[in-house]
Amino acid sequence: MRHSAIWRATALCMGAVFLPPSAMPSHAAAVAGGGTGAAHAADMAVRLQPAEQQAVVQARPAPVSGAGTGMGLADLLAWPGVPRLGLPVLRMPDFAVPPPPVTGIAHPPLPWLALAATWDPDLARRAGSARARSEWQQARAVLRVGGVDLLPSGRLQAGEDQVLAGSMAGMIGAGLLAGHVLPVFGSVAREEHARADGAAPDRTTQVPAAGLASQGLLGVAMALETAHGGAILCGGLAPCQTVTGLGAMVHDTWRFPGMVMAPPGGAGVARDGDIAPTLAAVAAGVDMEQVAADEGSRDVLGAALRQAVREGSVKPAQVQAMVTHILASFYMSGSLDHPPSFASVHNGAQSAADTLVADVEAQGAVLLQNENRVVPFDPALGPVLMLVRPALRPAAEKLADALRHAGLNVTLSVTTEGAGPPGTLPPATAQAARTLVLSDGNDDNRMISTLAEMGGHVAVVLAADDPDRQMPWLDTVDSVVQAWAWRDEYAQPLAALLSGQQDFSGHLPVTLTGGFYPPGMADADYRAFTRAHVVPLFPFGYGLSTHGHVTLSDLRVVRDGNHMIASFAVTNPDDTPVRAVPQLYVEMPDDLPGAARRLAGWRSVMVAPGHTVRLSVPVSLRLVGQWNPAGGNWNVAGGDYTLSLGLSSVMMVRHAILHLPALHVPGALDSTPVPVVTAE
C-alpha cells in the first residue's frame, strides 16, 4: 500500500496567494492532524524493536563503497531505515556544510532572494519539482529549504517578511513533496546577512517559542501549511535548546505530526558519558540528529541516548514518539515507498533544477530606476559599452554575447582594479554614449561615480545579494537593475530584459537601504522603516516595468469566519501585456501594539492590454492577532482594521476599513478550506 502524505492544510491559509486545487500536490490527505496516516506512523513505530527505534533517530555518514565512490555520495548521510519492516535507507546531505559539486555540476541552494523577487508561487513550486528530480538523480531523499527559520536569519537568506517567505518556501516544499523528496525548513548560520550597522544577532539567550509565534515561527508554520508537510530544522543558527518549548508548540499547539531535525552539532555535544546534552535535546523537541563524519562519539542521540534510556532518564515512550514524528515526515513525501537509490545516480546528468534558474532571473530581476528610459537599450541608438572589473569578466562576456544575439552592438571593456579618477578608466569610456556596468559590490562605487560624471548614459546592473549595497552614484546614473547574485544561467534572460524582448516584472523581497538605517534600528526591514517614519532607498515590494503600468481600484473587504476577504480591480490601460503584483497590507488599530503595516497577501497576475480583472484574496486573521500562550490561540482585539492596496510597502493607492469584534483564532495549522483567489 502506498503511504500518501498524512497531513492536510489549506495552501497559504495565513494570507498570500491561493492557488486552485490543480496546483496542489496530489499526495495531501484530508486531515490536518494526520488522520489514518499519522496512526500508521504510530503503528509502525510500535513495531520497531527498541534498538531499531534508537538507531533511526540519527542520520550518519553513508557508506562509500561500490557505486557510490567518486560520485559525490561520500558526502551524504544515511537514515538507516529498518529493512525487516520494509523501511528503506534514505540519504540526505549534511546540512552543516555547503553542498558539494556532483560530477562537475554544483547543486547550490535555490537562489532564494531572486526566487522570492518573482512573487510567483507557481514558479516556486516548479522550482521545487525540478530540484526533486535533481535530488533523485543524486540518490537524495531529503533537502533543506531556506527562506524561513525559527530565529531571525537575516534578510540575505529569508527576505524580511514571514508571509512572503513562508508562502514561497512552502511552494518549493510542495514541489519537493510531489517528487518524493522531504523538505526541511530552516536556515544555517553561513547564510546570515551582515547588517550595515555592524550589529550581530544574539544567539546565546534562550527564547520561548511563544515569543517567536508572530516572527520566525509564523513563516515556518506557513511553509508547512503551504507544502502540506515536511520537517523543521533547529540548530542551524543556534543550538536547538535556544528555542524553548519548540516541541510543545509544533506537536501540541500546531498539531503537526512531523519531525524536528538538527544538523551536526545543532542538538548539542555529548562528552565522556555526560547525558545532560542528550536530555536537553530531547526536552527541546529534537526528533532526529544528523551526525557528521568527524563527530565521533560526540553526538547526543547515539550512545548517550542509549545510556539515558538504560538509566531511565529518557523513557522508551519518548523515543517512540520521536520515531513516530520521523516516520510521519517521511510518509508525507512518499519516500518510504518510492526511495531513490545509488543506482539512480547518472554520471554527468544535467541538473533538472538548473533549467529553471533562467526563469527565476527573468521574473525576479527588479528594475529600480530608469531615468530617460535608457533601458531597454535601443539598437538604433548605436553601440553599448560594457564596463567591468577583472573579477566579473567571465560573467560580462556571457552577458555581452547574449546581448549581441539580441541585436545590440556591445563592446566589452575591462577596467583596472581601483579605477575611479579620470584617466584611469579605459579610454573607450570617454566616447561611449551608453555604458552598462556589471557590479557586484561597493568596490565599484568609485568607478561608477567617475563614469557617470563623464556625461554619458549609464545603466548599472547589481549582480550580488546585498540589501545594504551603497549607491552614492544613484542620482547621476540613468538606470539600475537588481539582478541578484550572479549565475551564468542569468546571461540570456537578463539580455532579454535589457534589450526589451521581455518586460521587467520582479519586485523587491527586501528593503534596499543603501547602507543607511534609522537611528537605533537593529533590523532594517520595511516595518521598522515605517515605525521610524523613514523612507528607504528602495522599499519592500517595489519594482518598475518598461512596457506599461496598471491601476488598482475598488477595494472591498468583508469578514468570512477567520479570514478577511479582500477584492479589488486591476486595470491595464496600455497597449502591451503587463505582469502586475498588487499587494495587500494590513494595519491594526493605532492603540494596539504592532500597528505598523505588514504584508497580508498578494497576487501575481498577467493583465492583457485594455483589460480589467477583479481579484479576491483571503487574509488570515492570525496576521492581526496576538499570540496567547495559555490558550494556544491568537487573540484578535475588537476594533477597526485597515487594509491597504498598493504596489509596494509605501505605495498605497486604496484603503478599506473593516471593524472586527474580539475573537480567538485557533493555533492549530489550518485544514479548513477557504475561498481561493479568483479572477472575475
Side-chain angles (χ1 to χ4, degrees), residues 114 358 361-362 365-466 469 471 473-474 476-502 504 506 546:
E361 174 70 0
V366 183
L367 181 61
L368 301 174
Q369 179 170 292
N370 198 24
E371 300 294 332
N372 301 310
R373 299 186 64 84
V374 169
V375 173
F377 292 116
D378 185 349
L381 298 180
V384 175
L385 176 70
M386 182 181 294
L387 185 65
V388 296
R389 289 184 295 107
L392 280 178
R393 180 168 189 160
E397 288 175 342
K398 293 181 182 296
L399 180 57
D401 287 342
L403 287 169
R404 294 183 189 111
H405 283 299
L408 289 169
N409 180 359
V410 177
T411 301
L412 177 61
S413 183
V414 181
T415 186
T416 58
E417 294 290 350
T424 63
L425 294 177
T429 58
Q431 289 79 38
R434 296 183 297 172
T435 304
L436 175 64
V437 180
L438 188 62
S439 171
D440 65 353
N442 289 320
D443 289 344
D444 294 332
N445 287 341
R446 187 181 181 193
M447 175 184 71
I448 297 171
S449 295
T450 301
L451 181 65
E453 291 169 0
M454 297 172 67
H457 293 296
V458 178
V460 180
V461 172
L462 304 176
D465 293 349
D466 185 1
R469 170 65 191 268
M471 304 182 205
W473 35 260
L474 186 61
T476 60
V477 304
D478 296 276
S479 304
V480 183
V481 175
Q482 175 58 263
W484 311 111
W486 182 261
R487 298 186 181 205
D488 288 345
E489 294 87 351
Y490 288 177
Q492 190 65 40
L494 184 56
L497 293 166
L498 293 172
S499 64
Q501 296 177 349
Q502 183 167 335
F504 285 90
T546 59

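Any value given below was found using the heavy atoms of this structure, including those in side chains, with hydrogens, waters and symmetry copies removed. Heads up: numbering here begins at 1 and tracks the sequence.
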Polar side-chain atom of R393 near backbone of V388 as donor-acceptor pair, under 3.5 Å: no

Donor-acceptor contact below 3.5 Å, side chain D378 vs main chain A380: yes

Taking every non-hydrogen atom, the tightest pair across A402 and A491: CB-O, 3.6 Å

Minimum side-chain heavy-atom gap Y490-L497 below 4.5 Å: no

Beyond-backbone contact of P376 with L498, side-chain heavy atoms, under 4.5 angstrom: no

Donor-acceptor pair, side chain of N370 and main chain of V375, under 3.5 angstrom: yes

Close side-chain approach of H457 to V384, heavy-atom, < 4.5 Å: no

Nearest heavy atoms of R404 and L412, plus distance in Å: NH2-N, 4.2 Å

Qualifying residue for side-chain contact (heavy atoms from CB on, under 4.5 Å) with M386, from V437, L403, T411, L392: L403

Check ion pair D401-K398 (N to O, under 4.0 angstrom): no

Between OG1 on residue T435 and CG on residue L387, distance to nearest 0.5 Å: 7.0 Å

Minimum-distance pair of heavy atoms, taken over all atoms of V414 and P426: O-CG, 3.9 Å

Check: S449 side chain, R446 main-chain N or O, donor-acceptor pair, under 3.5 Å: no

Expected output: side-chain R434 to main-chain G382 donor-acceptor under 3.5 Å: yes

Test side chain to side chain contact (heavy atoms under 4.5 Å, CB included) applied to M454 and L425, step by step: CA-CA 11 Å; M454 297 172 67; L425 294 177; 3.9 Å; yes

R373 side chain vs T546 backbone, donor-acceptor pair below 3.5 Å: yes

Non-hydrogen side-chain atoms of Q369 and V477 separated by less than 4.5 Å: yes

For the student: nearest non-hydrogen atoms of E361 and A483, plus distance: OE1-O, 3.0 Å

Closest non-hydrogen atom pair between Q482 and A464, with its separation: OE1-O, 3.2 Å

Note, V410 side chain near F377 side chain (heavy atom, < 4.5 Å): no

Side-chain heavy atoms of W473 within contact of V460, under 4.5 Å: yes

Passing option when R469 is tested against D440, D444, N442 for side chain to side chain donor-acceptor pair (under 3.5 Å): N442

Trace of the side chain to side chain contact (heavy atoms under 4.5 Å, CB included) decision for W486 with L494: CA-CA 11 Å; W486 182 261; L494 184 56; 3.8 Å; yes

Heavy-atom check, side chain of L462 versus side chain of M471, under 4.5 Å: yes

Heavy-atom closest contact (A496 atom, S499 atom, distance): O-OG, 3.3 Å

